[in-house]
Amino acid sequence: MIRHVMTPSISFSGSPDFSSPFFGYYGQYAYTDSRGVEQMRKYSRFPNALFGVPGQGKSGTISYSLANNLEMKVVSEDDSIGEKKISLIENLNVMQSYNFAADSLRFSDISTSILLRITKGFNLNLSATWDPYTYALNSAGTPVKVDRLRISCGKGIGRLMRTGTSFSYTFNNDTFKRKKRDNENGNNSGNNPPPSGAEYQQEQDDRAADAAGGDVQLNSDGYAKWTVPWSLTVNYSINYGYGAFNKEKMEFDGRVTQNLSFSGNIRPTPNWNFSFSASYNFDTHKLAYMNCNISRDLHCFSMRASFVPVGPYKSYNFHIAVKSAMLSDLKYDKRSSLSNGVDWY
């Protein structure tokens, strides 16, 4: 069974032209432009008012939208559940407005958004803007929007102006252990014997050592615990928008931009820390930027080093100083100039 729920909504808003002399918020003065022609210009009498200045121009806008939800009900493999619901489209929304008070271009751009639940814990949220009007060239050869709907010219209701989405995921120590731990708990549920007295005492000793902040922590076998916390975040974004104007088609050509970035952190010991961030340029097929940082806690001293190994702005920075605020001037810095990696022609 499939269920489709549509939720329409409509609203109206309006405001008068507060730049009219009737309200007294704006005045006007005469000036001569660069061509020697006298012009009139409006100005606000209250530019620094506490709550701002009312806008110019009247408006009477009606806004309308339509939200959609699509679900499917199927038979579950689990007999205890019987049936389960699957979300096909969590939310598909279409919005537009019409300004009765405008003298032209009364229709706004069409805004759409969609939310899809791909898997548990992962959703795809995508929004897009559609252009309902056509374009022409003015006397200066610049493309401008004209008061002619695309649908009246046989070009459809609207043309895609811009859209985009991004994905981000973080890997860390528990990313792969979590699944293994869940599988072990599922396979051994109810079969694990209770810990022995020695194991229980060892566990209590470990917890006591952790609470006391001991430098060396031992596991149940008597060996020193060694953990390396790390994380890696990957972010990918893709966007589509208007590019150059095509005078033959009298349309904007589409342009796709992509971005891929990484960032990570690792602590091999409690006192050492390494982190980095980088981005990839899909146009040049090279790393556009990369920054690496290293820090070391030297008890009474702290040491930091950062460097940019690739790109036109290769540089490094080294810093070591005393932690005490009273001896903050006792430090050593060594750095390079950002212009060292620039090729001058």
Say whether, by atom type as modelled, one donor and one acceptor occur between the side chain of N99 and the main chain of G60 under 3.5 angstrom. yes

Using a side-chain heavy atom cutoff under 4.5 Å and only I, L, V, M, F, W and Y, what cluster partners does F51 have? L50

So does E71 pair up with R117, basic N to acidic O under 4.0 Å? no

I'd like to know if the side chain of S336 pairs up with that of S315 as donor and acceptor (distance under 3.5 Å, no hydrogens or angles considered). no

So which pairs with a foot in residues 130-153 pass ring pair (Phe, Tyr, Trp, His ring centres under 6.0 Å), sequence neighbours left out? Y135-F252

To the nearest 0.5 Å, atom OH of Y29 lies from atom CE of M40 at 10.0 Å

Would Y98 and V94 show up in the same hydrophobic cluster when neighbours are defined by side-chain heavy atoms closer than 4.5 Å? yes

Please tell me whether S13 and T61 have a donor and an acceptor in their side chains that are separated by less than 3.5 angstrom. no

So if you build clusters from Ile, Leu, Val, Met, Phe, Trp, Tyr with side-chain heavy-atom gaps below 4.5 Å, do V144 and M250 land together? no

Quick check: closest heavy atoms across G164 and N239, and the distance to 0.1 Å? CA-OD1, 3.6 Å

Taking S152 for the side chain and L149 for the main chain, is one N or O donor matched with an acceptor at less than 3.5 Å? yes

For a 4.5 angstrom cut-off between non-hydrogen side-chain atoms, does T233 reach S168? yes

Using only atom types and a distance under 3.5 Å, with no angle test, would you say the side chain of R150 pairs donor to acceptor with the backbone of I157? no

N69 side chain to E90 main-chain N or O, any donor-acceptor pair under 3.5 Å? yes

Can you find a heavy atom in the side chain of F318 that is under 4.5 Å from one in the side chain of M303? yes

Rounded distance [0.5 Å steps], OG in S306 versus CZ in F276: 15.5 Å

Would you call K323 and D297 a salt bridge, taking side-chain N to carboxylate O under 4.0 Å as the test? yes

Check whether any side-chain heavy atom of K247 sits under 4.5 Å from a side-chain heavy atom of L137, and report yes or no. yes

Do Q96 side-chain atoms and S108 backbone N/O form a donor-acceptor pair below 3.5 Å? yes

Sub-3.5 Å donor-acceptor pair from the side chain of S279 to the main-chain atoms of A288, do we have one? no

